[in-house]
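This structure is a prediction, so every number in the text was calculated from the model and none was measured.
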Amino acid sequence: MNTALITGVTGNIGSHVLYELLFDLYIKNEEATIYVLIRKQPKKSAKQRLLDEVFTEQLIPQKIAPFYKAYIEKYVHIIEGEIQDFEIPKEAGNKITVYHLAASVNLSNTEKAKNEITNINYHNTQAFFEIIKTRIKKLVFVSTAFSRGEIEGEITDDYHSVTDFTFRNFYEAYKMKVEKLVLQIAKENDFSCTIVRPSVVSGRLLDFPKFVSSRYIVFYSIGEFFKKMKKLYPDLGKIRMALNMDGGLNIVPVDYVAKGILRAAETKEEQVNITLTKNVPTHYIITSILRKCDVEIELVDEEPKDKTTIEKLFYKTIGSQLVKYSTSKKHNFESKLIRKLLADIEEPNMLNSFSEVYNFAHDINFDNTNILIEPNI
């Protein structure tokens with residue numbers, strides 16, 4: 001019987017990795033022991049968090065709906081603890097496949113953000129492997145496609161043979177630092193390690209119900225901001241949005257990412273970018289979002305100096321994190337390895353689907369509790 005451990009399971013990607021593992025057991029008629037490491041909260045146990053944040057009625061994929069309750073009971077075991085402070089049961093053995101996803105995604109460049117990233121993404125990861133490094137058979141470490149930093153042109157899967165990094169924030173810099181750390185730990189402790197790097201993650205495009213996500217962040221945050229502003233200030237006027245007109249953003253659906261992560265557990269490849277072969281043009285993303293918000297926009301090539309009140313607020317908050325990406329140099333991800341791993345799955349067309357992906361979140365006000373659940377008849 002295979003044994004797996006998932007960290008970050010209450011996150012968007014982590015929850016979908018668990019869905020895929022359960023579905024994989026079902027279609028293969030196999031058994032496994034799946035440990036999930038979850039931090040308890042002041043008024044909520046780890047078990048309750050699993051039920052409330054992962055197995056919500058709105059989020060559960062239709063493909064696991066008939067059997068997931070029985071499979072949770074039979075195969076899923078909760079470890080209540082912190083990344084840097086937990087105990088793995090002896091019966092888990094010493095051949096564990098670890099899916100390590102727990103991390104902070106703070107794109108700010110403040111001192112507070114640096115401290116958060118340093119503690120959670122680096123020091124806690126060090127502590128995590130001190131606890132479990134001798135019991136790992138295979139590690140799938142989830143990094144980010146942006147750990148390469150700002151770059152122009154084609155981006156291959158090999159980030160470690162280069163030395164010219166221009167990081168946009170502490171998040172990118174420390175993801176690269178941790179990548180090198182975990183590869184060294186894997187080498188010293190003789191276990192296999194694959195680093196997977198998703199790009200910007202959206203709601204589902206392969207599994208039903210489509211478009212849903214456990215979190216609506218990054219590009220969704222732009223729409224959430226302007227939807228609120230439009231409601232508060234109906235006559236907010238034209239908004240100038242800074243971007244590279246030739247640039248694009250690589251957006252990948254979360255279910256595609258999760259399938260890629262499971263396949264990565266079976267490969268000997270050391271680095272795999274979970275990206276799509278085509279980016280969505282940045283101007284199309286921004287235009288689609290703000291039109292849905294009924295906000296008039298002007299596309300400009302740099303952040304305005306004579307900002308309006310709303311523009312000041314945007315560029316001080318959401319914009320301070322995202323403009324570095326909207327103004328990035330033109331680039332594309334090669335994506336050959338992930339297409340090889342997922343050759344049997346048709347690559348999603350994010351450009352054709354982007355409006356639906358965003359509009360879904362907009363229409364539920366970025367809150368899954370607003371999704372209407374049809375009663376079973």
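- Between F211 and Y358, the gap from one ring centroid to the other reaches at least 6.0 Å.
- The number of heavy-atom neighbours closer than 6.0 Å to CD of E298, taken from other residues, nucleotides and ligands shown, is above 12.
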| field | Y19 and F55: CA distance, side-chain angles, deciding distance, side chain to side chain contact (heavy atoms under 4.5 Å, CB included) verdict | value | CA-CA 9 Å; Y19 301 151; F55 292 100; 4.0 Å; yes
| task | Could you give me the CA-CA distance, side-chain angles and deciding distance for Q271 and H160, then say whether side chain to side chain contact (heavy atoms under 4.5 Å, CB included) is met? | result | CA-CA 9 Å; Q271 306 173 65; H160 297 158; 3.6 Å; yes
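- Taking the ring centroids of F146 and Y171, they lie at or beyond the 6.0 Å cut-off.
- For H362 and Y220, the ring centers are positioned 6.0 Å apart or more.
- Judged as a ring-ring contact (aromatic ring centres under 6.0 Å, His included), the pairs with a partner in residues 330-350 (not counting sequence neighbours) are, in order, H331-F333.
- Among residue pairs with one or both ends in residues 176-189, those qualifying as salt bridge (Lys or Arg N to Asp or Glu O under 4.0 Å) are E179-R197; sequence neighbours excluded.
- Between R240 and D306, at least one side-chain N (NZ, or NE/NH1/NH2) sits under 4.0 Å from a carboxylate O, which counts as a salt bridge.
- When the salt bridge (charged side-chain N to carboxylate O under 4.0 Å, His left out) test is applied to K340, no partner is found at least two apart in sequence or on another chain.
- Around atom CG of D190, no more than 12 heavy atoms belonging to other residues, nucleotides or ligands sit under 6.0 Å away.
- Using a 3.5 Å distance cut-off with no hydrogens or angles, the side chains of T327 and E302 do not pair a donor with an acceptor.
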